[in-house]
Structure formats: structure tokens, C-alpha cells
Amino acid sequence: MNIRIPPADEQLAILERGTVDLHPKEELKKRLAESHEHQKPLRIKTGFDPTAPDLHLGHTVLIEKMAQFQRLGHEVTFLIGDYTALIGDPTGRNAMRPPLSEEQIQVNAKTYTDQVFKILDRDRTIIEWNSKWLGKLSFQEVIKLAARYNVARMLERRDFKDRFESNTQIAIHELLYPLMQAYDSVALVPDVELGGHDQIFNLNAGRHIMEQYGQRPQCVLTVGLLVGLDGRDKMSKSKGNHVGITEPAEVMYEKILNLPDETMWTWFPLLTDRSPDPASTPALEAKKALAQTLVARFHGEAAAAEVRAWSEAGRPAKNDERTKNTKLAAIMVELQLAGSMNEARQKIKQGGVHVDEQRVTDIAFTFPSGAAFELRVGKAKPRRLKVEAE
RNA sequence: GGAGGGAUACCCAAGCGGCCAAAGGGACCAGACUGUAAAUCUGGCGCAUUUAUGCUUCGAAGGUUCGAAUCCUUCUCCCUCCA
């Protein structure tokens with residue numbers, strides 16, 4: 001299937017959305033114009049460290065950008081950094097990163113390819129592994145590559161600089177990381193390399209090295225980093241402030257609805273093609289729309305509409321669950337609505353526990369066998385339960 | 001190699017023989033207020049029990065003592081300065 005590549009200005013308008021850095025802009029414009037004129041796709045490269053076990057919305061910002069290129073008719077390469085993972089990019093860290101085992105890399109890479117096609121067009125995506133060329137380099141070739149860069153420039157990179165100045169160790173092989181990533185570009189000869197904005201240094205190293213190897217240097221495009229649910233840090237699974245793209249529709253919807261308002265506005269340009277004006281748009285409405293849009297992206301329009309209706313109806317409990325406990329506090333512990341009996345009693349005392357939307361304050365509250373009811377603790381969604389004591 | 005400092009609950013951090021289940025802050029949970037947001041206020045935040053009591057905690061193991069997070073011994077791990 002062939003997609004007609006639109007004029008450069010039209011393309012640029014789309015590509016600049018959610019983009020932090022794009023340079024050299026004139027060069028990219030020129031190549032986009034050429035691609036339109038000859039209807040010849042540009043080669044787009046994006047590298048992924050196979051470190052994250054699951055994709056979350058933060059990753060999708062970049063993947064969406066790739067998808068935009070695809071929709072404009074370009075050729076996208078999804079590069080799995082299986083060889084670079086042997087080093088582990090220390091970007092943004094103030095310490096070395098422990099290398100991954102080969103098995104772990106395989107598992108993570110599989111997770112990526114399983115999930116990434118929720119967004120990318122599988123038929124129009126080229127998957128590459130950088131072990132294919134990096135694994136073949138001789139020591140001599142590595143030296144030749146290393147000779148094309150210098151330490152002073154390498155130390156311009158923020159995390160290296162910080163570590164150098166604070167006398168924290170920097171292993172020599174870490175300095176090789178940006179060069180390896182740059183060499184990926186020599187191997188693939190992309191027109192554009194995409195990355196998160198924290199990758200800007202590595203992407204520029206790619207430009208430099210390509211030039212050194214007599215190639216036309218790639219253009220560089222970085223996207224903004226998505227702030228996580230806490231409204232503070234970059235979204236990451238280890239911080240627990242993420243929305244996984246395989247999470248159930250309801251969970252996703254609720255997480256997004258619980259976003260701090262300020263954070264929500266920053267999500268629009270990065271994740272959608274709209275940017276409502278905070279001054280004139282009611283925040284709650286905007287947030288619901290955002291949640292619905294994102295749920296629809298991963299679960300379909302129908303599911304998204306359904307979740308929204310469910311949420312607006314007060315999130316009625318859906319499934320029946322069974323328990324052998326008769327004591328309210330014990331049931332809460334069983335359902336992990338409380339971490340311990342003490343905590344359960346505490347919540348009951350504080351009025352956070354509702355049975356059939358009636359507040360229960362008796363910490364010894366016990367259900368008769370056979371009772372069926374709806375239990376809600378705090379802001380969590382209610383659960384429908386049936387007591388089946390012997 | 002030499003000198004010194006530290007390890008306290010999820011994180012930071014006080015305590016330095018009894019009044020310590022352990023101050024304070026953050027995070028987190030519940031309530032009020034709200035929009036299932038933010039801000040603010042209130043309560044909670046080791047475990048168990050119908051709440052007052054018991055049990056287990058202060059890097060690890062021993063010891064001194066009526067009594068230890070606090071004193072002593074050994075061990076483990078961190079950090080700073082000098083060479």
C-alpha cells in the first residue's frame with residue numbers, strides 16, 4: 001500500500017507537534033520537500049534500549065511520532081539496542097547502569113515488539129537489532145570510530161560532566177555508548193533520528209560521526225518527556241507513576257482522571273493532536289476527553305465510551321466476588337483494601353468504608369452468611385461481594 | 001596504609017539508660033471541602049486483639065543492667081579527609 005507523501009510544509013506542521021528540538025530545520029524541510037517531489041520516503045531511525053519490561057504512555061510519545069512519519073508515508077526503523085544494552089546508557093543517571101543479561105534483553109525486546117504495534121503499522125515497520133553490525137566490528141574499527149570523537153566534547157554531556165566534576169567514576173566503556181549509538185546511524189544511514197529529549201546528545205553525536213564517515217548527517221528530532229501521574233517526575237515504571245498501555249480500560253481511565261490539572265495540560269501536545277486552552281476550557285471536561293481519547297487508542301472507541309459512561313454512573317461494581325470471611329475488617333484485608341486488620345479498623349473508624357453506599361463505623365461489623373452487598377473503601381471503585389461462610 | 005564520621009520505621013531525620021512503638025518533615029491512606037484535580041484543615045500511618053493492653057522493631061550477633069535505640073565487645077556495610 002502506498003501513501004502519498006504530502007508537501008513539506010504540511011508534513012512539518014504535523015511533525016513539529018510535541019517536538020522539543022528539531023534541527024537543522026532547513027535541512028529537514030529540504031528533505032521533506034524532496035520526498036514529496038519524488039514520492040520517495042525518508043528513512044527514520046529510532047532506537048530503543050530493551051531495558052523497560054513494559055511500555056507505558058511515556059514511551060508512546062516517541063512511538064506516536066514514529067507513527068506520524070509512517071502516516072506521512074515514510075519508512076520507519078525500530079532499532080532494538082540489544083548490543084548497546086550490554087553497556088547500558090547512563091543518560092540522566094549519575095552512576096553506571098548495570099548491564100542486562102542476554103536472556104533479559106530477549107524478553108524485554110519481545111515485550112516491545114508485542115506491544116509497539118498497538119501504535120505502529122506492522123507492515124510498514126522495519127525491525128533491526130544493532131548487534132547485527134556492532135557485534136561484527138573489529139577492535140581496529142572500534143579504534144577508528146573512537147578516533148572520530150574527543151573527550152572534551154564527550155564531557156559536554158551533562159551526566160558525564162557532573163560525574164567528572166564530582167569525581168564519581170566514569171568507566172571508559174561508558175564513553176563508548178554515544179559512539180555506538182552514533183555508529184547505528186552510520187549503519188542505517190537515516191534521514192532523521194528520533195528520540196526523547198534526554199537523548200539529544202547521543203543523537204547529535206550521530207550527526208557528527210556520520211559526517212566523519214562521509215555521510216550526509218541525519219536530522220535530529222526530540223520529543224518532550226512525559227511527566228508521570230505524580231505530576232513531578234518523568235514517567236517511569238520504577239517510579240510507579242506510569243500508565244501501562246496494556247492496562248485495563250477502567251484503570252487507565254481512572255489514572256488519567258486523577259492527574260493533577262497542570263500535568264494534564266502538558267499531556268495534550270505530547271499525546272494528542274489537540275491543545276485546548278487552559279484559560280477557556282473547563283479542566284474536568286478536558287481531562288475526561290483526554291482519558292477517553294487515550295483509552296480509545298488502546299482499547300477501541302467503544303470500550304472508551306463505555307468506560308466513560310461507567311465512570312460517570314458512579315463506577316458501579318461489575319463482578320461478583322466471593323468470600324468466606326464474614327467480618328468486614330477481615331474481608332477488607334482479604335481484598336487488599338487494607339494492609340492489616342489495624343488499618344482496616346482505622347479506615348472503618350474514619351468513615352471511609354461504605355456497604356451499599358451506607359457508611360459503616362462499627363469496627364466489629366459482621367455479615368450474615370449469604371449476604372450480598374457492594375463494598376467501597378475510600379475513593380477506590382466499589383466491589384460486589386457475596387459471603388459464603390460454611 | 002593513616003585519621004575520623006555514620007548505619008533509626010517507605011524516604012529524610014531527631015533521640016544517646018526508664019516518661020520510646022520511637023520527635024519533626026516528606027511520601028502514603030482515610031475524612032471534610034471539591035471536580036475522583038490542586039490547595040487547605042482533621043485523623044491515621046509496626047502487628048494483634050471490640051482500644052486498653054500485649055507482642056515484635058532502631059545494621060547483625062553477643063554482653064552489662066531491675067530496665068538498652070541509647071553502655072560494652074565482635075562482626076558487616078557505607079562515607080569523608082590525609083598519604
Side-chain angles (χ1 to χ4, degrees), chain A residues 57 94-96 98 163 165-169 226-243 247-268 271-272 276-295 304 306-318 325-355 357-368 374-383:
Chain A
L57 286 181
N94 50 16
M96 277 177 66
R163 283 203 274 161
E165 285 175 355
S166 66
N167 294 315
T168 308
Q169 76 156 324
L226 192 71
V227 173
L229 298 174
D230 54 12
R232 245 195 335 266
D233 299 315
K234 172 182 150 185
M235 181 176 287
S236 81
K237 187 163 175 170
S238 55
K239 284 242 165 62
N241 62 358
H242 68 295
V243 180
E247 287 187 292
E250 304 158 22
V251 175
M252 215 180 247
Y253 191 88
E254 289 187 356
K255 279 187 174 179
I256 296 167
L257 225 52
N258 281 320
L259 263 185
D261 285 0
E262 311 82 74
T263 307
M264 172 214 20
W265 299 116
T266 71
W267 278 28
F268 270 99
L271 293 169
T272 74
D277 176 13
S280 61
T281 317
L284 185 58
E285 272 317 303
K287 207 184 278 182
K288 284 178 179 173
L290 175 66
Q292 190 174 353
T293 304
L294 294 175
V295 170
E306 202 178 297
V307 168
R308 179 164 182 168
W310 166 80
S311 171
E312 262 150 56
R315 302 178 303 165
K318 281 180 177 168
N325 281 310
T326 54
K327 197 167 184 179
L328 177 57
I331 291 171
M332 287 167 63
V333 173
E334 183 194 343
L335 297 180
Q336 299 189 319
L337 295 167
S340 67
M341 290 296 280
N342 271 351
E343 194 185 321
R345 283 187 213 106
Q346 190 57 45
K347 285 181 173 176
I348 294 170
K349 266 194 283 191
Q350 292 189 136
V353 178
H354 300 255
V355 170
E357 290 308 312
Q358 295 284 307
R359 177 174 285 176
V360 175
T361 50
D362 174 12
I363 62 173
F365 192 87
T366 302
F367 295 100
E374 204 170 278
L375 173 64
R376 182 170 65 82
V377 175
K379 284 178 281 192
K381 66 182 183 193
R383 312 271 285 258

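- Between the CD1 atom of A:Ile363 and the C1' atom of B:U49 there is a distance of 9 Å, rounded to whole Å.
- Comparing atom distances between the A:Lys287 side chain and each of B:C47, B:G31, B:G35 picks out B:G35 as nearest.
- Listed nucleotides: B:U50, B:G35, B:U36. Nearest to the side chain of A:Leu257: B:U36.
- With respect to A:Glu357 and A:Arg315, no salt bridge is recorded, no charged nitrogen being found less than 4.0 Å from a carboxylate O.
- Across all strands shown, B:A38 has no partner, as no Watson-Crick or G-U wobble contact with both distances under 3.5 Å is found.
- Proximity note for A:Ser311 (side chain, C-beta onward) versus B:C47, B:U36, B:G44: the nearest is B:U36.
- In this structure, A:Glu254 and A:Ser340 both approach RNA chain B, and ranking their closest nucleotides by distance from the 5' end singles out A:Glu254.
- As the counterpart of B:G43, B:C29 is assigned, both hydrogen-bonding distances of the Watson-Crick or G-U wobble pattern falling under 3.5 Å.
- The pair A:Glu250-A:Lys381 counts as a salt bridge, with a side-chain nitrogen and a carboxylate oxygen less than 4.0 angstrom apart.
- Atoms CE and CZ, from A:Met332 and A:Phe365 in turn, are 12.5 Å apart once rounded to the nearest 0.5 Å.
- Each of B:A30, B:G35, B:U50 was ranked by its minimum atom distance to the side chain of A:Lys347; first place goes to B:A30.
- Figure legend. B:A9 is base-paired to no nucleotide; pairs are counted as Watson-Crick or G-U wobble with both atom distances under 3.5 Å.
- A:Lys255 places no side-chain N or O within 3.5 Å of a backbone atom of A:Leu229 that could act as its donor or acceptor partner.
- Here B:U36 presents its C1' atom at 14 Å from CZ of A:Arg308, a figure rounded to the nearest Å.
- Spacing of C1' atoms, B:A22 relative to B:C16, comes out at 13 Å, to the nearest Å.
- A residue-by-residue look at A:Asn258 and A:Arg376 shows that A:Arg376 has its nearest nucleotide of RNA chain B further toward the 5' end.
- Here the separation of B:G26 from B:C45, taken at their C1' atoms, is 13 Å to the nearest Å.
- Within the 4.0 Å cut-off from OP1 or OP2 of B:A37, at least one side-chain nitrogen or oxygen of A:Lys379 is found.
- In terms of the side-chain contact (heavy atoms from CB on, under 4.5 Å) criterion, residue partners of A:Ala330 (sequence neighbours excluded) are, by chain and number, A:Asn325, A:Lys327, A:Met341.
- With a cut-off of 3.5 Å on both Watson-Crick or G-U wobble distances, the partner of B:U64 is given as none.
- Within 4.0 Å (heavy atoms only), A:Lys327 reaches sugar-phosphate atoms of the nucleic acid but no base atom.
- Scanning atom types as modelled, one donor and one acceptor separated by under 3.5 angstrom connect the side chain of A:Asp261 and the base of B:G35.
- Under 4.0 angstrom from either OP1 or OP2 of B:U49 there lies at least one side-chain N or O belonging to A:Arg345.
- Nearest nucleotide to the side chain of A:Asn342, out of B:C47, B:G35, B:G44: B:C47.
- Comparing B:A37, B:U51, B:G44 by their closest approach to the side chain of A:Gln346 singles out B:G44.
- Note: CG (A:Asn241) to C1' (B:C10) measures 16 Å, nearest angstrom.
- Residue contacts shown for A:Thr263 are absent, as no nucleic acid heavy atom lies under 4.0 Å away.
- Base pairing analysis places B:G1 opposite B:C82; the two distances defining the Watson-Crick or G-U wobble pair are each below 3.5 Å.
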